[in-house]
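Notes for the one structure printed next.
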Amino acid sequence: RYIGDLVMAEDLARDPIPLDEMRLGKFINKERRLLRKDGSWVWVENRVRMLPEGNILGIILDITGRKRAEALSEQRNRELAALHALSLAISATLSVEQTSAAAMQGMLDATQADLVFLFLREGERLVLQAVLPPEERTRLGVVHEHRVGECICGLAAREAKPFYSHDIFTDSRCTWEECKRAGIRSFAALPLKSGAEVIAVMGLASLQERDFSAQSSFMETLTHQVGMALTNARLYEAAQQELTERKR
């Protein structure tokens, strides 16, 4: 069987088999994904050379575990960098509006979601504060009032815990038709808390199927930071308003 049939097409297109070098008897070292007998793919490090009669002799080492660990380490580094950037952005202001804007942009950058929603809680109402990117706001059309306990954003507000939906079209909890008409496929609803009280809900949306819950720990760390920043901004604005009233 030709060795090219065993290499993942994506890897082969990026780094073709150097047959000319192999015909000269050179040893070739590569990291590739190879097809196993059971039809699965495995990361390998292979050292091969072509024998005089044209056959290929190779030593193959399974490095799947190492590649998985490297990918996990890279993801953790990206998450730490994103968390640091978000912390700097939201700590640079004390207004609720500017904190909200910085938090939304930070979440968009950190998670690479297609859309980010921010709902501020007013009693039993969830008021849509903004959508990022702003040009995507037109996707939703006229947004009707959202209520605590309705759809997964409302459930996140009522239960004070995150809710994730892999496919909102088949998820009975997802009742907000605006999202479906906008072409959203997957969604994460993350409560922002001040102590035990939910003061807002951050929504992350993907136009393609995506498992947001795979990054649940990272996302919940981000929203914890955002919740504290919003709490501080609200306290600051309340203190400023009280000071102004006292002066008056």
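Quick caveat: nothing in here was measured; it's all calculated off a predicted structure.
Listed by first and then second residue, the side chain to side chain donor-acceptor pair (under 3.5 Å) pairs that reach into residues 7-16 are Asp11-Arg14, Asp11-Arg33, Asp15-Lys30, sequence neighbours excluded.
Side-chain contact between Met219 and Pro162 is absent, with no heavy atoms from C-beta onward closer than 4.5 Å. When side chains are defined from C-beta on, Asp167 counts as touching Glu209, because their heavy atoms get closer than 4.5 Å. Residues Leu155 and Arg173 meet the side-chain proximity criterion, which asks for heavy atoms closer than 4.5 Å. Glu31 places a side-chain heavy atom less than 4.5 Å from the side chain of Lys67. Here the side chains of Ile168 and Arg185 are not in contact, with every heavy-atom distance at 4.5 Å or above. Proximity of Leu204 to Leu190: side-chain heavy atoms (C-beta onward) are separated by under 4.5 Å at one or more points. For the pair Leu34 and Val7, the minimum side-chain heavy-atom distance is below 4.5 Å. At least one side-chain heavy atom of Met202 sits under 4.5 Å from a side-chain heavy atom of Met107.
With respect to Val116, the side chain to side chain contact (heavy atoms under 4.5 Å, CB included) criterion is satisfied by exactly one of Val131, Leu108, Asp109: Leu108. Tested against Phe187, the residues Phe163, Trp176, Phe117 include a single ring pair (Phe, Tyr, Trp, His ring centres under 6.0 Å) partner, Phe117.
Remark: the backbone N or O of Cys174 is paired with a side-chain donor or acceptor of Lys180 at under 3.5 angstrom. The backbone N or O of Arg36 lies less than 3.5 Å from no partner atom in the side chain of Ser40, so there is not a single donor-acceptor pair. Formation of a donor-acceptor pair under 3.5 Å by the Ser73 side chain with backbone atoms of Glu70 is not found in this model.
Between the OG1 atom of Thr175 and the CZ atom of Arg147 there is a distance of 13.0 Å, given to the nearest 0.5 Å. To the nearest 0.5 Å, atoms CG (Leu222) and OG1 (Thr111) are separated by 8.0 Å. Atom-to-atom distance recorded for Gln225:CD and Glu220:CD is 13.5 Å, nearest 0.5 angstrom. Note that the CD1 atom of Ile152 and the OG atom of Ser172 stand 11.0 Å from one another [nearest 0.5 Å]. How far CH2 of Trp41 is from OG1 of Thr64: 12.5 Å, rounded to the nearest 0.5 Å. A distance of 9.0 Å separates CD of Glu177 from SG of Cys151, quoted to the nearest 0.5 Å.
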* Let me see the working for Arg49 and Ile56 under side chain to side chain contact (heavy atoms under 4.5 Å, CB included), right down to the final yes or no. => CA-CA 6 Å; Arg49 70 183 291 261; Ile56 294 175; over 6 Å; no

* To do: Check the pair Arg125, His146 against side chain to side chain contact (heavy atoms under 4.5 Å, CB included), reporting the backbone distance first and the verdict last.
  => CA-CA 6 Å; Arg125 300 169 60 230; His146 219 27; over 6 Å; no

* To do: Begin from the C-alpha positions of Leu192 and Val201 and carry the test side chain to side chain contact (heavy atoms under 4.5 Å, CB included) through to its verdict.
  => CA-CA 6 Å; Leu192 306 180; Val201 175; over 6 Å; no

* List the steps and the verdict of side chain to side chain contact (heavy atoms under 4.5 Å, CB included) for Asn46 and Ile59. => CA-CA 6 Å; Asn46 62 329; Ile59 299 174; over 6 Å; no

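A pairwise comparison of heavy atoms in Leu120 and Ala200 identifies CD2-CB, 3.8 Å as the closest pair. Contact record, Pro134 with Leu132: CD-CD2, 3.5 Å, taken as the closest heavy-atom pair. Across every non-hydrogen atom of Gly123 and Val148, the tightest pair is O-CG2, 4.0 Å. Summarising the geometry of Leu207 relative to Ala182, their closest heavy-atom pair is CD2-O, 4.3 Å, with the distance given to 0.1 Å. When all heavy atoms of Ser100 and Leu118 are compared, the pair lying nearest together is CB-CD2, 3.5 Å. Between Ile199 and Gly227, the shortest heavy-atom distance links the atoms CD1-O, 4.2 Å.
Glu45 and Arg66 are joined by a salt bridge, as a carboxylate oxygen and a charged side-chain nitrogen come within less than 4.0 angstrom of each other. The pair Lys193-Glu197 fails the salt-bridge criterion, with no side-chain N (NZ, NE, NH1 or NH2) lying under 4.0 Å from an Asp/Glu carboxylate O. Under the 4.0 Å criterion applied to side-chain N and carboxylate O atoms, Glu245 and Arg248 are not assigned as salt-bridge partners.
Ile60 and Ile28 fall within a single hydrophobic cluster, where Ile, Leu, Val, Met, Phe, Trp and Tyr side chains are chained together by heavy-atom contacts under 4.5 Å. Hydrophobic clustering (side-chain heavy atoms under 4.5 Å, transitive across Ile, Leu, Val, Met, Phe, Trp, Tyr) groups Trp43 together with Leu61. By the rule that hydrophobic residues join a cluster once side-chain heavy atoms approach within less than 4.5 Å of another member, Val48 and Phe27 end up as members of separate clusters. Under the 4.5 Å side-chain contact rule for hydrophobic residues, Ile63 and Leu12 do not share a cluster.
No hydrogens or angles considered: a donor-acceptor pair under 3.5 Å links the side chains of Gln215 and Arg210.
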